[in-house]
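For ligands, and for the atoms within them, numbers begin at 1 and follow the listed sequence.
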Amino acid sequence: MIDPFGRHITYLRVSVTDRCDFRCVYCMAEDMTFLPKAEVLTLEELDRLCTAFVSLGVRKLRITGGEPLVRKNVMQLFENLGRHLRTGVLDELTLTTNGSQLARYAKDLARVGVRRINVSLDTLDLDKFREITRWGDLTKVLGGIEAARDAGLAIKINVVALKGVNEDELDDMVRWCGERGCDMTLIETMPLGDITGDRTDQYLPLSIARARLERHWTLQDSDHRTGGPARYVRVAETGRHLGFITPLTHNFCESCNRVRLTCTGTLYMCLGQEDAADLRAPLREDPTDASVLEAIHEAISRKPKGHDFIIDRRSKRPALARHMSVTGG
Ligand code: SAM
Ligand code: SF4
């Protein structure tokens, strides 16, 4: 699949549920309304769609959400998708998780062929963790991370940089990740979906975070890539990679190789644009997959050049109405 700007689409991110056991302040309102179950694709339908994308050249699948590991029987999907790793048509099957269920699933994930995972962790402080996630339990997440390490999974820790919340902890987090052999990625808050509160209060430009880290750490240029949007440096003192995802201060669209599928079968060609294609109708109407393959081709042919997020200080409206938990982060 090659889009109109010559970019090869080889990476599909799949949100398997919009539900979550946390309510992170930058991601969700506390009283979220979730989709009726009937609108959500079954695990078999998700497998069919992923398989269609793999047949069209997708080499990397990331399962996300919402919290992917709270979806009932989600291991069945991982197990089924693992077959594409064994036949060699897929290079990587991975997931992004809040870590709350990892203690339970880490071994199974490793068994079906998952090699590395992203775990979101914004703070190492019990109280702050509760403040950020509203419902989360840090002890459980840390236990999950240990279980994943024991199962041999490589772990990248995703940290959303939050002004006045965890900005004073970033040095500690770099050290903590270094001690555990984990890479780390810093993410800027993105204006997606209505949340409770004011986003301009949370926004910390990563240029500032980076300059502060450079007081204590030697950040060396690195050409490390993981197929995602992060730009990496190597932290000389720990030997680990540190990534920066900066949608607001730096345009990462020119090398975009990915599209996103929601749990209702809507394909978003860009995280920051409204345009989307419905794949659920062709999937359900045509058991042969011909219609769905055609709909995917048609969608890729209108993948936009890029996005232009801004955090509007006057209206304080989100740039896009849909939450990250719908499109999958
Ligand atoms: N629940 C899983 C988790 O938290 O890792 C997967 C889904 S979550 C939507 C994926 C990533 O998006 C997380 O790292 C989260 O911190 C990030 N995220 C959510 N809302 C965001 C926002 N408004 N701006 C930036 N990152 C956001
Ligand atoms: Fe849930 Fe992940 Fe959103 Fe937090 S960031 S509320 S864990 S989906």
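- When the options Q202, M28, E188 are ranked by their closest heavy atom to atom 25 (C) of ligand 1, first place goes to E188.
- Listed by atom number, the atoms of ligand 1 under 4.0 Å from T64 heavy atoms are 6 (C), 7 (C).
- A salt bridge links K128 to D168: one of the charged nitrogens lies within less than 4.0 Å of a carboxylate oxygen.
- Taking a cut-off of under 4.0 Å to the non-hydrogen atoms of N158, the atoms of ligand 1 that pass are 14 (O).
- Using a 4.0 Å cut-off to heavy atoms of G65, the atoms of ligand 1 that qualify are 7 (C), 9 (C).
- Of all atoms in ligand 1, numbered sequentially from 1 with element shown, those under 4.0 Å from a heavy atom of T97 are 2 (C), 3 (C), 5 (O).
- With a 4.0 Å heavy-atom cut-off, ligand 2 is reached by the side chain of C20 but not by its N, CA, C or O.
- For T51 (side chain) and D47 (main-chain N/O), a donor-acceptor pair under 3.5 Å exists by modelled atom type.
- Residue contacts with ligand 2 include G66, since one of its heavy atoms falls under 4.0 Å from the ligand.
- For ligand 1, the atoms closer than 4.0 angstrom to any heavy atom of C27 are 19 (C), 20 (N).
- Side chains of D21 and Q101: a donor on one and an acceptor on the other come within 3.5 Å.
- With 3.5 Å as the limit, one finds no donor-acceptor pair spanning the side chains of T17 and E67.
- Minimum interatomic distance between C256 and I9 (heavy atoms only, all atoms of both residues): O-CD1, 4.4 Å.
- The atoms of ligand 2 that sit less than 4.0 Å from any heavy atom of C24 are 4 (Fe), 5 (S), 6 (S), 7 (S).
- Residues meeting the side-chain contact (heavy atoms from CB on, under 4.5 Å) test with R59, sequence neighbours left out: T10, D91.
- In terms of polar-atom proximity, defined here as any N/O pair under 3.5 Å, E67 does make such a contact with ligand 1.
- With a heavy-atom cut-off of 4.0 Å, T96 touches ligand 1 through backbone and side chain alike.
- Looking at S120 next to ligand 1, an N or O pair under 3.5 Å apart turns up.
- Close approach of ligand 2 to F22 is summarised as follows: ligand atoms under 4.0 Å from at least one heavy atom of the residue are 6 (S), 7 (S).
- Members clustered with I208: L204, by chain and number, using a 4.5 Å side-chain heavy-atom cutoff among hydrophobic residues.
- Between T123 and E169, the side chains place a donor N or O and an acceptor N or O closer than 3.5 Å (distance only, hydrogens not considered).
- Residue side and main chain included, C27 places an N/O/S atom under 2.8 Å of atom 3 (Fe) of ligand 2.
- For the pair R111 and D108, the salt-bridge criterion is met [side-chain N within less than 4.0 Å of a carboxylate O].
- By the 4.0 Å heavy-atom criterion, G66 is counted among the residues contacting ligand 1.
- Inclusion of Y26 in the set of residues having an N or O under 3.5 Å from an N or O of ligand 1 is warranted.
- The number of heavy atoms from other shown groups lying within 6.0 Å of CD (E294) does not exceed 12.
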